[in-house]
Q: 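My questions will all concern the structure given below.
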2 protein chains.
Amino acid sequence: MKIKPEFCKVHDALSILVGKWKPIILLYLMSEGTMRYGELKKALVGITPKMLTNQLRELEEEGLISREVYREVPPKVEYSITEYGMTLKPILDSMHEWSMEHKKRKLKNTMD
Amino acid sequence: MKIKPEFCKVHDALSILVGKWKPIILLYLMSEGTMRYGELKKALVGITPKMLTNQLRELEEEGLISREVYREVPPKVEYSITEYGMTLKPILDSMHEWSMEHKKRKLKNTMD
DNA sequence: TCCAATAGTATCCTTTTAGATACTATATAT
DNA sequence: ATATATAGTATCTAAAAGGATACTATTGGA
């Protein structure tokens with residue numbers, strides 16, 4: 001059996017999740033529900049406005065988060081996780097879980 | 001609460017899985033158990049030898065696959081999934097599952 | 001003696017992703 | 001009239017990931 005990456009479903013799922021700040025943004029919104037642009041910017045230490053906007057747009061594009069603009073001055077924009085985005089939670093949780101074990105394992109190996 | 005990507009466990013897990021061909025290689029070895037370099041090369045349509053070697057080395061580095069060299073000519077090298085690598089299977093399976101639903105969803109949305 | 005088969009390396013180039021930094025629009029409060 | 005707060009854009013640069021292509025070592029068999 002032959003295959004190309006484009007036809008690999010796991011590859012697809014990963015490509016939606018990948019981006020230096022995407023998992024963190026999702027996790028934040030999953031636990032907070034809603035956050036303003038500026039709040040996210042403060043929480044994500046080191047992110048540039050360009051990257052923040054970019055990652056948010058890509059997540060929105062996939063329907064994982066939603067963007068609500070309040071027509072005020074100064075501007076107010078709120079981002080929240082969608083119901084659909086929440087369907088990713090079990091996957092993120094199990095990755096978190098797995099990663100903790102992986103770290104332990106690596107530590108043990110370097111001690112031998 | 002503030003956070004950097006390096007301290008995000010999900011980010012860590014992803015960085016192990018990411019690479020254009022890594023998920024496919026893992027899935028192959030999970031289902032086949034063992035494959036030779038050349039078999040993988042044939043299966044992974046379009047991969048260059050450099051990339052194949054690179055992805056295999058990185059997966060080996062993490063302990064997810066193992067490499068066995070037979071001292072023969074012409075050379076024979078077999079790659080297999082490790083027991084440890086198999087612990088990723090539930091995660092890959094759920095990503096596969098999720099991705100199929102995601103595709104359906106996208107399709108439905110473009111039809112509206 | 002020369003070729004075939006296998007599992008790679010080596011080198012150079014292109015594309016993608018991310019970082020740094022400066023700038024913008026606008027109603028409100030002073 | 002000016003400064004302020006917020007949510008971004010714009011532009012340029014650096015680093016990482018991936019692709020194309022040619023090359024190598026080895027030895028048993030014709």
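Keep in mind the model is a prediction, meaning the values are calculated, not measured. By convention in this document, chain letters (A, B, ...) are assigned in the order of the sequence lines, proteins followed by strands, and residues within each chain are numbered from 1.
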Q: Any chain of hydrophobic side-chain contacts (each under 4.5 Å) joining B/Met100 to B/Ile24?
A: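 Result: no, two separate clusters.
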Q: In whole Å, I'd like the distance from the CD atom of A/Glu78 to the C1' atom of D/dA7.
A: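 Value for this atom pair: 13 Å.
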Q: Between D/dA5, C/dG8, C/dA18, which nucleotide gets closest to the side-chain atoms of A/Gln55?
A: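 My answer, after comparing the listed nucleotides, is C/dA18.
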Q: Look at the side chain of A/Lys50 against the base of C/dG19 and say whether a donor-acceptor pair falls under 3.5 Å; ignore hydrogens and angles.
A: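 Yes.
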Q: Between B/Glu101 and B/Lys104, is there a side-chain N and carboxylate O pair less than 4.0 Å apart?
A: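 Between B/Lys104 and B/Glu101 there is a salt bridge, with a charged N closer than 4.0 Å to a carboxylate O.
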Q: Using atom CE of A/Met51 as one end and atom P of C/dA20 as the other, report the distance to the nearest whole Å.
A: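 Going from A/Met51 (CE) to C/dA20 (P), I get 11 Å.
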Q: Counting the atoms with a prime plus P, OP1 and OP2 as sugar-phosphate, which does B/Tyr70 contact under 4.0 Å by heavy atoms, base, sugar-phosphate, or nothing?
A: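 Result for B/Tyr70 = nothing.
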Q: What nucleotide, of C/dA20, D/dT27, D/dG8, holds the atom closest to the side chain of B/Val73?
A: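 So the side chain of B/Val73 is nearest to D/dT27.
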Q: Rounded to the nearest angstrom, tell me the gap between atom CD in B/Glu60 and atom C1' in C/dG8.
A: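 My rounded result for the distance is 14 Å.
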Q: Can you tell me the distance, in whole Å, between the CG atom of A/Leu40 and the C1' atom of D/dG8?
A: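 Those two atoms, CG and C1', are 13 Å apart.
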Q: Taking only N and O in the side chain of B/Lys41, is any of them less than 4.0 Å away from OP1 or OP2 of C/dG8?
A: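 For B/Lys41, the contact criterion (side-chain N or O under 4.0 Å from OP1 or OP2 of C/dG8) is not met.
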Q: Can you tell which of C/dG8, D/dG18, C/dT6 lies closest to the side chain of B/Arg67?
A: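 Out of C/dG8, D/dG18, C/dT6, the nucleotide with an atom closest to B/Arg67's side chain is C/dG8.
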Q: From C/dG8, C/dA18, D/dG19, pick the nucleotide closest to the side chain of B/Lys20?
A: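 Closest nucleotide to the B/Lys20 side chain: D/dG19.
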Q: Measure NZ/A/Lys76 against P/D/dA5 and give the value in whole Å, please.
A: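 Between P of D/dA5 and NZ of A/Lys76: 17 Å.
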Q: Between A/Gly38 and B/Val18, which residue's closest nucleotide on DNA chain D lies nearer the 5′ terminus?
A: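 Mapping each residue to its closest nucleotide by heavy atoms, the 5'-most match is A/Gly38.
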Q: CG of A/Leu14 versus P of C/dT17: gap in Å, rounded?
A: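 Rounding to the nearest Å, CG of A/Leu14 and P of C/dT17 are 14 Å apart.
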Q: Within the structure shown, what part of the strands sits under 4.0 Å from A/Gly19 by heavy-atom distance: base, sugar-phosphate, or nothing?
A: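 Touches sugar-phosphate only.
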Q: Output yes when at least one side-chain N/O atom of A/Tyr37 is less than 4.0 Å from OP1 or OP2 of D/dT9, else no.
A: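 For D/dT9, neither OP1 nor OP2 has a side-chain N or O of A/Tyr37 closer than 4.0 Å.
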Q: If I take atom CG in residue B/Leu56 and atom P in nucleotide C/dG8, what distance separates them, rounded to the nearest angstrom?
A: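 After rounding, the gap between these two atoms is 8 Å.
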Q: If the cut-off is 4.0 Å, is B/Arg36 near the phosphate of C/dA7, judged by side-chain N/O to OP1 or OP2?
A: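 Yes.
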Q: Between A/Ser94 (side chain) and B/Ile91 (backbone), is there a donor-acceptor pair under 3.5 Å?
A: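 Checking the backbone N and O of B/Ile91 against the side chain of A/Ser94, no donor-acceptor pair under 3.5 Å is found.
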Q: Send over the distance from B/Asn54 CG to C/dA10 C1', rounded to a whole Å.
A: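 In whole Å, C/dA10 C1' and B/Asn54 CG are 14 Å from each other.
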Q: Taking C-beta and beyond as the side chain, do B/His102 and A/Ile16 meet within less than 4.5 Å on heavy atoms?
A: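 Yes, at least one pair of side-chain atoms sits under 4.5 Å.
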Q: Got B/Met30 and B/Leu88 here, is their nearest side-chain heavy-atom distance under 4.5 Å?
A: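 B/Met30 vs B/Leu88: side chains touch.
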Q: Of the options C/dT21, D/dA20, D/dA22, whose atoms approach the side-chain atoms of B/Thr48 most closely?
A: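 So the side chain of B/Thr48 is nearest to D/dA20.
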Q: Verify the contact: side-chain N or O of A/Trp21 to OP1 or OP2 of C/dG19, cut-off strictly under 4.0 Å; return yes or no.
A: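 Checking A/Trp21 against C/dG19: at least one side-chain N or O falls below 4.0 Å of OP1 or OP2.
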Q: Scan A/Arg71 against the nucleic acid and name what it touches under 4.0 Å (heavy atoms): base, sugar-phosphate only, or nothing.
A: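 Answer is nothing: A/Arg71 stays at 4.0 Å or more from every strand.
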Q: Is there a donor-acceptor pair under 3.5 Å between the side chain of A/Tyr28 and the backbone N or O of B/Met1?
A: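 Yes: the side chain of A/Tyr28 pairs with the backbone of B/Met1.
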